[in-house]
Structures are given as C-alpha cells and as structure tokens.
Amino acid sequence: EDQVTQSPEALRLQEGESSSLNCSYTVSGLRGLFWYRQDPGKGPEFLFTLYSAGEEKEKERLKATLTKKESFLHITAPKPEDSATYLCAVQADSSYKLIFGSGTRLLVRP
Amino acid sequence: EAQVTQNPRYLITVTGKKLTVTCSQNMNHEYMSWYRQDPGLGLRQIYYSMNVEVTDKGDVPEGYKVSRKEKRNFPLILESPSPNQTSLYFCASSFGENTGELFFGEGSRLTVL
C-alpha cells in the first residue's frame, strides 16, 4: 500500500537553528514528490516538486532533496515567519492520486 | 488575483440537514478536487473532477456528492450530514490531473452536531 510518513510530528527551533524535516514514502513507482506549506487557518501552499533521486530544489531558506525512499526539507537559519505545518505528498506512477503525509508542525522562536 | 474561493468558511449544522459547500476557481483549471483534513490523518481526497461533467470518487466519498456543471465551480454536497463529517474541508484545483501542484482554497470548517 502506498503511504507517506513525516517526522517529526512537531519541531521547535530557535531562530537561526538549522534543521531538517523528513518525509519517507512507500510507493510502487514514484511519479513525483511534492512539498507544501500550510499556515494556521489557511489552505496548503505549493513549495516544490521533485521527480527523481538526487534532485534538489531551493527557495530562500528551504531546500528539498530526494532519495529513492525519502525526502528531506532542510531549513537553514530559520526565522519566525517560517513557522508553519509542512506537508509532503507523493504521486505514484500507477495513479495520479496524491497521497499526503500528516505533516510536521514547525515553530521557530525568536 | 488567482484564487480558489470556498464558502462558507465556517458552518455549524445539525445531523441530517442538507448543506452545500461551494468552490470556485478563476484560473481556468481543468482539474478540481475536494479534500478533508483531520488531525493525525492528513489530507484525504473525497471526490475529484478532471473536467466538466466528469467526476470520480476519491478515498473517502461516502456521504458526499459533487457536481461539475461549469469549469470554474465544483460544489460539495452533504445530503444528510453526520457528526463523523465534522472536519476541515479544502477545495483544490490544477491545470491537469497529472500535476501535483495544486492550488488550495482557504478551507471550510464544518461542525455537525
């Protein structure tokens, strides 16, 4: 069964303290892996698409990487405005359906 | 401004009272979808539509109906709501089914008493 697991469930960082969020997946064949950011009371907002192992994408303080079994969202020198829930989703070769993980709640304290 | 608009944003209703959550997008997207988000369960797809008059079930379609009469609108209908449908609902759209780059609405929080 295709599934996505994100860890940790919650992460507290001090401003400037770099860290990584993990998204591990089990899927028969990967069409794409997607990262979203969700602020409280808002809908998810698309961040990145990764298609193949070794691929990396960057946006400001965020960098997403992909291996054959997992993806990491690296946050470098985070700021309080990076506080949000980060969602990972995969799309399998066999289906266009997106399978979402439960998310990681990130809190960055000043 | 490109957006997906849902209404109502908040609703408290009682068991059995039919309700409709509207969704409209202004990006000329072909693909639209409804999700529910529950703590610990992530986003689960209810129904989706690849184009006008084409709809299909997602993972949790029981108790819901949809229609796609126009490209921009994709309402979610709860014919006889029950307490287990208390949830946060999101409408999303994209250029096509094969992309995972979805545009989400701001959500509709539904409570069924």
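All values reported here derive from a predicted model rather than from experimental measurement. Protein chains get the first letters and strands the later ones, always in sequence-line order, with residue 1 at the start of each.
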Side chain, backbone, both or neither: which part of [X] has a non-hydrogen atom closer than 4.5 Å to chain A?
{"X": "B/Leu102", "result": "both"}
{"X": "B/Ser33", "result": "neither"}
{"X": "B/Asp38", "result": "neither"}
{"X": "B/Arg44", "result": "neither"}

Inspect the surroundings of [atom1] in [X] and state if more than 12 heavy atoms from other residues, nucleotides or ligands are less than 6.0 Å away.
{"X": "B/Arg109", "atom1": "CZ", "answer": "no"}
{"X": "A/Lys42", "atom1": "NZ", "answer": "no"}
{"X": "A/Glu9", "atom1": "CD", "answer": "no"}

Could you see if [X] belongs to whatever hydrophobic cluster contains [Y]? Use Ile, Leu, Val, Met, Phe, Trp, Tyr and a side-chain cutoff under 4.5 Å.
{"X": "A/Val27", "Y": "A/Leu50", "value": "yes"}
{"X": "B/Leu76", "Y": "B/Leu88", "value": "no"}
{"X": "B/Phe74", "Y": "B/Tyr31", "value": "no"}
{"X": "B/Val66", "Y": "B/Leu43", "value": "no"}
{"X": "B/Leu78", "Y": "B/Met32", "value": "yes"}

Please collect all disulfide (SG to SG under 2.5 Å) contacts where either partner lies in residues 75-113 of chain B, sequence neighbours excluded, each pair once.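 Output for this query lists B/Cys23-B/Cys91.
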Could you tell me which of A/Gly32, A/Gly41, A/Gly103, A/Ser102 has the largest number of non-hydrogen atom pairs under 4.5 Å with chain B?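 Among A/Gly32, A/Gly41, A/Gly103, A/Ser102, the one with the most close pairs to chain B is A/Ser102.
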I'd like a table of donor-acceptor pairs (distance under 3.5 Å, sequence neighbours excluded) in which one partner is a side-chain atom from residues 11-20 of chain B, with atom names and distances.
from	atom 1	to	atom 2	distance (Å)
B/Thr15	OG1	B/Leu113	O	2.7

Any non-hydrogen side-chain atom of B/Gln45 less than 4.5 Å from a side-chain atom of A/Leu98?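 Sidechains of A/Leu98 and B/Gln45: no contact.
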What I'd like to find out is whether the side chain of A/Phe46 reaches to under 4.5 Å of the side chain of B/Phe104, using heavy atoms alone.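 Counting from C-beta outward, A/Phe46 and B/Phe104 never come under 4.5 Å.
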Give the member of B/Gly42, B/Gly107, B/Gly100, B/Gly58 that has the highest number of heavy-atom pairs under 4.5 Å with chain A.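 Going by pairs under 4.5 Å, I would pick B/Gly100.
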With sequence neighbours excluded, tell me which residues meet side chain to side chain donor-acceptor pair (under 3.5 Å) with A/Gln3.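 Per chain and number, A/Gln3 pairs via side chain to side chain donor-acceptor pair (under 3.5 Å) with no residue.
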Has the side chain of B/Tyr48 got a donor or acceptor atom that lies under 3.5 Å from a matching backbone atom of A/Lys97?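 Between the backbone of A/Lys97 and the side chain of B/Tyr48 there is no qualifying donor-acceptor contact (under 3.5 Å).
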Heavy atoms under 4.5 Å from chain B: which residues of residues 61-93 of chain A carry them?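 Within residues 61-93 of chain A, the residues that come under 4.5 Å of chain B (heavy atoms only) are A/Leu87, A/Gln91.
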Which pair of heavy atoms, one from A/Gln38 and one from B/Phe90, lies closest together, and at what distance?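 It is NE2-CZ, 3.3 Å.
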Given the side-chain rings of B/Tyr35 and A/Phe100, with only the six-membered ring counted for Trp, is the space between their centroids under 6.0 Å?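 Yes; A/Phe100 has its ring centre under 6.0 Å from that of B/Tyr35.
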Side chain, backbone, both or neither: which part of A/Phe48 has an atom under 4.5 Å from a heavy atom of chain B?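 Neither part.
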